[in-house]
**Student:** 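Please see the structure below; I have some questions.
The sequence lines fix the lettering, A, B, ..., with proteins before strands; numbering per chain opens at 1.
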Amino acid sequence: RKEVEQDPGPFNVPEGATVAFNCTYSNSASQSFFWYRQDCRKEPKLLMSVYSSGNEDGRFTAQLNRASQYISLLIRDSKLSDSATYLCAVNPIYGGSQGNLIFGKGTKLSVKP
Amino acid sequence: ETGVTQTPRHLVMGMTNKKSLKCEQHLGHNAMYWYKQSAKKPLELMFVYNFKEQTENNSVPSRFSPECPNSSHLFLHLHTLQPEDSALYLCASSPWGEEDTQYFGPGTRLTVL
């Protein structure tokens, strides 16, 4: 099983739709989780951090399910500008240094008018 | 946004060339990272530096040689690369105590002929 797995998509949704992505991780000892957004040919930018059960920021909600070892990202009322690739990252903290993030391949979202 | 800058933005080199990638962060962070992003693969952590000391080398071939002269600058020296090393090389930095919160530079797109 890969350390961090994401559905690559693409997810094609109309404006205003609600869309959710999941990210599964293999190391049950993982403590911190992140969603990054990466626009085409640009660098990843931190969208949200998830340290406990979840986090909410405007239209974006991230939730953590430790029992099933996944985190989700929910986007409500999607905008054209939400079109991007969403990367999931996990810090496994299994003896290595802090900051050793393990990334998924990303989920591509395309919001259509 | 100029928090983390990288030069050059694009680089084409032959397999016998020697070149260097440069990263500079203006955020007062203490940790810096090199990542490799290849098509259809997740971001791969290559090296981690914390207060100028290398704390992680993720089994990277010796044809990649990092250098961190101070907490604000990070270099990646390249020599005798292979075509499969063609990728986007991203630098990131993070603040003390928040190593999981990483800010990325725009990357250097490297093509090895």
**Student:** When clusters are formed by joining ILVMFWY residues with side-chain heavy atoms under 4.5 Å apart, either directly or through shared neighbours, do A/Phe21 and A/Leu80 land in the same one?
**Tutor:**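 Yes, one cluster joins them.
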
**Student:** How many angstroms lie between atom CZ of B/Arg9 and atom CZ of A/Arg41, to the nearest 0.5 angstrom?
**Tutor:**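 Result: 10.0 Å between the selected atoms.
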
**Student:** About how many Å separate NZ of A/Lys45 and OH of B/Tyr103, when rounded to the nearest 0.5 Å?
**Tutor:**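 These two atoms lie 12.0 Å from each other.
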
**Student:** Linking I/L/V/M/F/W/Y whenever any side-chain heavy atoms sit under 4.5 Å apart, do B/Tyr35 and B/Leu88 land together?
**Tutor:**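 Cluster IDs for B/Tyr35 and B/Leu88 match.
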
**Student:** Please indicate whether A/Lys108 has more than 12 foreign heavy atoms, meaning atoms of other residues, nucleotides or ligands, lying under 6.0 Å from its NZ.
**Tutor:**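 Incorrect, the count does not exceed 12.
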
**Student:** If you group Ile, Leu, Val, Met, Phe, Trp and Tyr by side-chain heavy-atom gaps below 4.5 Å, do B/Trp34 and B/Val112 land in one group?
**Tutor:**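 The answer is yes; both residues are in one hydrophobic cluster.
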
**Student:** Determine the minimum heavy-atom distance between A/Phe103 and B/Pro42, stating which atoms define it.
**Tutor:**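 Heavy-atom minimum between the residues: O-CB, 3.3 Å.
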
**Student:** Calculate, to the nearest 0.5 Å, the distance between atoms OH and CG belonging to A/Tyr36 and B/Leu43 respectively.
**Tutor:**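 The distance works out to 9.5 Å.
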
**Student:** Would you give the length of the straight line joining atom CD of B/Gln37 to atom CD of A/Glu43, rounded to the nearest 0.5 angstrom?
**Tutor:**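 The distance works out to 10.5 Å.
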
**Student:** Enter the distance from A/Lys42:NZ to B/Leu90:CG here, rounded to the nearest 0.5 Å.
**Tutor:**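 Rounded to the nearest 0.5 Å, the NZ-CG separation comes to 13.0 Å.
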
**Student:** Counting only heavy atoms closer than 4.5 Å, note whether B/Glu44 contacts chain A via side chain, backbone, both or neither.
**Tutor:**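 Contact with chain A is absent: no heavy atom of B/Glu44 under 4.5 Å.
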
**Student:** Evaluate whether atom CD of A/Gln63 has more than 12 neighbouring non-hydrogen atoms of other residues, nucleotides or ligands under 6.0 angstrom away.
**Tutor:**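 Counting neighbours around CD of A/Gln63, 12 or fewer heavy atoms of other residues, nucleotides or ligands fall under 6.0 Å, so no.
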
**Student:** Hey, what do you get for CD (B/Gln102) to CG (A/Leu101), rounding to the nearest 0.5 Å?
**Tutor:**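 Spacing of CD (B/Gln102) from CG (A/Leu101) equals 4.5 Å.
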
**Student:** A/Gln6 versus chain B, heavy atoms under 4.5 Å apart: side chain, backbone, both or neither?
**Tutor:**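 Neither part, no heavy atoms under 4.5 Å.
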
